[in-house]
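Keep in mind the model is a prediction, meaning the values are calculated, not measured. Positions are given from 1 along the sequence.
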Amino acid sequence: MMRIDAAERRARLSVRHHLAPGSLATDAVTSARDLVGLHATDPATVYLSALARTPTVEVATIERALYDERSLLKILGMRRTMFVVPLDVAAVIQSACTRAIAVRERRRVITWLGGAGIPEPARWLEDAEQATLDALETRGEAVATELTKDVPALALQIEVGVGKKWQGTVGMSTRVLFLLSMEGRIVRGRPRGSWISSQYR
């Protein structure tokens, strides 16, 4: 019987993850597909992960794949974490986990709105989403602060977890855009600023 020890396991992972000499990837899309996604919670992580596996690629090439060619897409997936994945993999992740996360997240936001005294919170949320989509269609693209000028509902701030250790304030602009993104109705565009910026259009 063949036994695989820890050293061989690490070696195999290095090859599979395009980190070992002779196993480097030729482009960022291949890296993302073979890993089933590059971690993307921090803006810089995507670029660092791709550059480690594809030394010949440049930041501008990754940006082009993400924001011009759309061969790579940012999507919330496994463990409620942001990943960068090729479009065909995005469809699988969307069906496998993102839709279910969106259902739970919508329920949570509606509960928060109801607790804040908003009448018909589900209707309020739907109206805010449609107004946001209309504003995006008019503008073409926008950051949250610009959309808040067009859709006053996005400026709403509500307190959650009152009296608990995790008490805090939640802004509806973040939550509405979050939901629209999870449901595949909008996508993150190019960030405002450099590739390490976390303010996305």
Side-chain angles (χ1 to χ4, degrees), residues 1-108 161 164-166 168 174-175 177-201:
M1 178 183 295
M2 180 179 179
R3 293 185 180 276
I4 298 177
D5 60 15
E8 183 170 355
R9 175 181 166 278
R10 291 190 192 101
R12 287 171 179 260
L13 281 174
S14 294
V15 171
R16 181 186 175 98
H17 287 209
H18 298 297
L19 293 171
S23 67
L24 299 178
T26 55
D27 56 80
V29 175
T30 300
S31 293
R33 176 175 287 108
D34 289 352
L35 271 72
V36 196
L38 300 174
H39 190 269
T41 299
D42 184 279
T45 305
V46 178
Y47 296 91
L48 297 176
S49 295
L51 292 169
R53 293 165 171 83
T54 319
T56 56
V57 78
E58 296 179 350
V59 168
T61 308
I62 301 169
E63 287 182 319
R64 201 159 45 245
L66 278 167
Y67 307 121
D68 299 327
E69 301 165 357
R70 291 288 183 191
S71 53
L72 290 173
L73 184 71
K74 287 192 175 183
I75 185 172
L76 191 87
M78 300 72 74
R79 304 184 310 278
R80 292 174 52 84
T81 300
M82 192 67 69
F83 291 92
V84 160
V85 299
L87 292 185
D88 56 335
V89 177
V92 175
I93 293 174
Q94 177 79 9
S95 296
C97 42
T98 311
R99 284 180 185 161
I101 295 170
V103 169
R104 292 194 300 271
E105 183 64 23
R106 177 172 296 278
R107 194 181 305 129
R108 176 185 300 167
K164 299 180 180 178
K165 288 183 179 180
W166 49 272
T174 301
R175 292 296 157 176
L177 294 174
F178 195 45
L179 278 170
L180 290 173
S181 176
M182 283 191 290
E183 293 173 353
R185 299 162 77 187
I186 64 173
V187 295
R188 286 190 179 191
R190 193 179 294 274
R192 174 185 276 180
S194 72
W195 58 277
I196 62 171
S197 171
S198 59
Q199 190 178 30
Y200 293 93
R201 295 177 174 86

Determine, stepwise, if the pair Leu66 / Tyr47 fulfils side chain to side chain contact (heavy atoms under 4.5 Å, CB included).
CA-CA 11 Å; Leu66 278 167; Tyr47 296 91; 3.9 Å; yes
Under the side chain to side chain contact (heavy atoms under 4.5 Å, CB included) rule, what do Val57 and Leu51 come out as? Steps first, then yes or no, please.
CA-CA 6 Å; Val57 78; Leu51 292 169; 3.6 Å; yes
List the steps, then state whether side chain to side chain contact (heavy atoms under 4.5 Å, CB included) holds for Glu105 with Arg80.
CA-CA 10 Å; Glu105 183 64 23; Arg80 292 174 52 84; 3.7 Å; yes
Does the side chain to side chain contact (heavy atoms under 4.5 Å, CB included) test come out yes or no for Arg185 and Leu179, once each step is laid out?
CA-CA 9 Å; Arg185 299 162 77 187; Leu179 278 170; over 6 Å; no
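Summarising the geometry of Ile4 relative to Arg9, their closest heavy-atom pair is CG2-N, 3.8 Å, with the distance given to 0.1 Å. For the residue pair Gly77 and Ile93, the shortest heavy atom distance occurs at CA-CG2, 3.7 Å. The heavy-atom pair separating Gln94 from Glu183 by the smallest distance is NE2-C, 3.8 Å. Nearest approach of Gly189 to Tyr200, heavy atoms of both residues: O-CD2, 3.4 Å. Nearest heavy-atom pair across Met182 and Thr98 is O-CG2, 3.3 Å. Residues Leu73 and Ala90 approach most closely at CD2-CB, 4.0 Å, considering heavy atoms.
In this structure, CG on Asp42 lies 8.0 Å from OG on Ser198, to the nearest 0.5 angstrom. Taken to the nearest 0.5 Å, the CZ atom of Phe83 stands 13.0 Å off from the NZ atom of Lys74. The CZ atom of Arg64 sits 6.0 Å away from the CD atom of Glu69 when rounded to the nearest 0.5 Å. Note that SG of Cys97 and CE of Met78 are 6.0 Å apart. Values are rounded to the nearest 0.5 Å. From Thr41, atom OG1 reaches atom CZ of Arg79 across 8.5 Å, with rounding to the nearest 0.5 Å. Distance check: Leu87 CG to Arg33 CZ gives 9.0 Å after rounding to the nearest 0.5 Å.
Residue Gln199 places its CD atom among more than 12 non-hydrogen atoms of other residues, nucleotides or ligands, all under 6.0 Å distant. Within a 6.0 Å radius of CG in Leu48, other residues, nucleotides and ligands contribute more than 12 heavy atoms.
Residues Trp195 and Val46 have side chains not in contact (no heavy-atom distance under 4.5 Å, counting atoms from C-beta outward). Within the 4.5 Å cutoff, no side-chain heavy atoms of Val187 are placed close to those of Ser181.
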Return all side-chain donor-acceptor pairs below 3.5 angstrom for residues 11-29, not counting sequence neighbours, or 'none' if the list is empty.
from	atom 1	to	atom 2	distance (Å)
Arg12	NE	Glu8	OE2	3.1
Arg12	NH2	Glu8	OE2	2.9
Ser14	OG	Arg10	O	3.0
His18	ND1	Ser23	O	2.6
His18	NE2	Asp34	OD2	2.6
Ser23	OG	Ala20	N	3.2
Ser23	OG	Ala20	O	2.7
Asp27	OD1	Val29	N	3.1
Asp27	OD1	Thr30	N	2.8
Asp27	OD1	Thr30	OG1	3.1
Asp27	OD2	Thr30	OG1	3.1

